[in-house]
Amino acid sequence: MPELPEVETLRRDLLACLPGQQVVRVEVLREDSIGFPRPAATFAEAMVGQRFTDHSERRGKYLLLHLQAGAVLGVHLRMSGRLLFRASDHPREPHLRVCFALASGHELRFEDMRVFGRLWLVPVGVPVAQVVSGLAQLGPEPFDPLFDADYLARRFRGRTQPLKSALLDQNLVAGIGNIYADEALFCSGLHPLTPVERLSGQQLVRLRDAIVQVLEDGIERRGSSLRNYTDAQGVNGQYAGNAWVYGRRGAPCRRCRTAIERLRLAGRSTHFCPSCQSS
DNA sequence: ACTAGGTCCTGGTTGC
DNA sequence: TGCAACCAGGACCTAG
């Protein structure tokens with residue numbers, strides 16, 4: 001599932017192939033995949049003739065591709081979305097939702113089995129956060145100096161929420177999903193159910209450092225720690241059991257050999273080592 | 001103001 | 001064996 005490291009990897013990969021490419025034809029195969037403008041035919045029409053630039057940004061799990069005339073293509077992959085840069089004669093993916101034919105004979109394809117992903121075309125002069133839903137509510141980037149132990153202490157004061165739930169809240173910090181949340185909790189030695197107000201200053205420092213560490217590691221491994229992720233060329237990541245705890249229920253902890261446990265929290269599976277993550 | 005739980009969606013996996 | 005139920009999860013929505 002694409003989280004911050006996967007989206008950042010995608011952004012960097014697209015920089016190698018997309019700048020200068022001009023859209024000559026757009027096919028929307030699934031209306032739901034378009035967030036704005038609707039109906040999707042309006043989106044398609046407005047995208048024709050647009051040219052991609054070398055200016056792209058990532059905010060949390062959102063990807064923002066700036067177009068030459070000043071518009072912005074916003075992308076959220078959600079659960080199963082992929083952006084693929086393909087030669088036009090490459091066989092179409094079974095869950096292709098939107099296809100941008102490019103003047104060079106390539107195609108930028110948005111493939112998304114579960115149809116949760118969205119594309120938005122932000123018109124020239126309109127603030128991106130006004131069009132791309134969820135963007136305005138995002139908290140700080142994890143790598144922003146603003147995101148430190150003091151910030152967490154302020155946000156956690158008087159809150160009883162389980163720590164794992166807090167990490168999934170994009171308003172607290174942008175970009176963490178279920179998998180990196182579990183990994184960051186393991187690396188900081190904190191139990192996912194700990195009420196956030198109970199964390200000590202020292203624990204908050206460990207938490208912040210662990211979050212930054214697992215995300216940086218994820219980027220360094222090209223997001224390859226995730227099972228279903230593939231890059232812009234469709235190359236599959238090597239999940240290969242890199243994770244400390246995610247998806248390892250019953251398997252021995254890599255640090256202490258205790259069996260990894262799983263519980264359900266806010267509808268999400270949560271993996272942890274009961275011995276290493278006792279507080 | 002805060003929190004929990006349901007919803008969307010579909011293919012793979014599990015269980016009877 | 002065959003089929004149904006369950007599971008995966010990001011963001012949004014509603015209810016308490």
Side-chain angles (χ1 to χ4, degrees), chain A residues 1-8 10 28-36 38 40 58-64 74-83 93-98 110-120 128-139 141-142 152 154-185 192-198 211 215 218 223 225-230 236-237 239 243 245-250 260 262-272:
Chain A
M1 320 305 163
E3 302 182 29
L4 185 153
E6 287 69 35
V7 179
E8 179 61 21
L10 173 63
V28 178
L29 296 99
R30 182 81 179 218
E31 183 91 12
D32 297 340
S33 294
I34 304 302
F36 186 88
R38 296 284 288 256
R58 180 196 51 72
R59 265 291 277 142
K61 304 167 196 169
Y62 292 83
L63 179 62
L64 303 172
V75 180
H76 198 306
L77 303 173
R78 292 281 192 105
M79 303 289 303
S80 58
R82 296 196 294 162
L83 272 185
E93 294 70 22
H95 304 292
L96 184 64
R97 306 305 185 196
V98 182
F110 179 63
E111 193 232 8
D112 185 20
M113 183 185 82
R114 275 174 261 190
V115 208
F116 289 170
R118 289 289 179 276
L119 304 183
W120 301 265
V128 174
Q130 199 173 300
V131 169
V132 179
S133 62
L135 203 58
Q137 284 74 249
L138 283 187
E141 286 292 312
L152 288 172
R154 287 195 301 277
R155 292 293 305 259
F156 287 171
R157 198 164 296 142
R159 305 277 297 269
T160 58
Q161 191 182 25
L163 177 53
K164 167 73 182 284
S165 303
L167 293 190
L168 293 176
D169 180 358
Q170 302 300 299
N171 181 248
L172 176 77
V173 56
I176 302 175
N178 200 45
I179 296 166
Y180 287 98
D182 282 3
E183 295 297 287
L185 287 178
L193 295 179
T194 308
V196 291
E197 66 178 354
R198 296 227 199 116
I211 289 170
L215 294 174
S225 60
L226 300 194
R227 213 182 328 233
N228 297 332
Y229 176 73
T230 63
N236 217 309
Y239 182 64
V245 289
Y246 184 81
R248 300 191 68 240
R249 175 172 56 158
I260 300 301
R262 186 175 76 160
L263 55 83
R264 288 198 82 77
L265 178 54
R268 302 287 170 260
S269 65
T270 296
H271 311 73
F272 67 103

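Sequence lines set the chain letters: A, B, ... in the order given, protein chains first and strands last, and positions in each chain run from 1.
- Using a 4.0 Å heavy-atom cutoff across all strands shown, A:S269 reaches sugar-phosphate atoms only and no base atom.
- Residues A:E6 and A:Y180 have side chains that bring a donor and an acceptor to within less than 3.5 angstrom of each other.
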Step-by-step side chain to side chain contact (heavy atoms under 4.5 Å, CB included) determination, A:T270 to A:R264: CA-CA 6 Å; A:T270 296; A:R264 288 198 82 77; over 6 Å; no

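- Per the geometry, CE belonging to A:M79 stands 13 Å off C1' belonging to B:dT7, to the nearest Å.
- A:E183 CD to A:N178 CG: the interatomic distance, rounded to the nearest 0.5 Å, is 10.5 Å.
- Chain A approaches DNA chain C within less than 4.0 angstrom (heavy atoms of the protein), and the contacting nucleotides run 5' to 3' from C:dA8 to C:dC12.
- Contacts of A:R262 with the nucleic acid, taken as non-hydrogen atoms under 4.0 Å apart, involve only primed sugar atoms and P, OP1 or OP2.
- Among the atoms of the strands shown, none is found under 4.0 Å from any heavy atom of A:Q137.
- Summarising the geometry, the separation between CZ on A:R264 and C1' on B:dG6 is reported as 13 Å, rounded to the nearest angstrom.
- The separation between A:L163 atom CG and B:dT3 atom C1' is 15 Å, rounded to whole Å.
- The separation between A:N171 atom CG and B:dC2 atom P is 10 Å, rounded to whole Å.
- Using a 30° and 60° split on the angle between ring planes, A:Y62 and A:H76 fall in the perpendicular class, above 60°.
- The shortest heavy-atom contact between A:L163 and A:V196 is CA-CG1, 3.6 Å.
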Trace of the side chain to side chain contact (heavy atoms under 4.5 Å, CB included) decision for A:L152 with A:L172: CA-CA 8 Å; A:L152 288 172; A:L172 176 77; 4.2 Å; yes

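- A:A174 approaches A:R59 most closely through the heavy-atom pair CB-NH1, 4.1 Å.
- Of the N and O atoms on the side chains of A:D182 and A:H271, at least one donor lies less than 3.5 Å from an acceptor on the other residue.
- Take the nearest nucleotide of DNA chain C for A:N178 and for A:S133: the residue whose nucleotide is more 5' is A:N178.
- A search for ring pair (Phe, Tyr, Trp, His ring centres under 6.0 Å) contacts involving A:F272 returns A:H191, not counting sequence neighbours.
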Base-contact (B) and sugar-phosphate-only (S) positions in nucleotides 8-14 of chain B, heavy-atom cut-off under 4.0 Å, - elsewhere: BBBS---

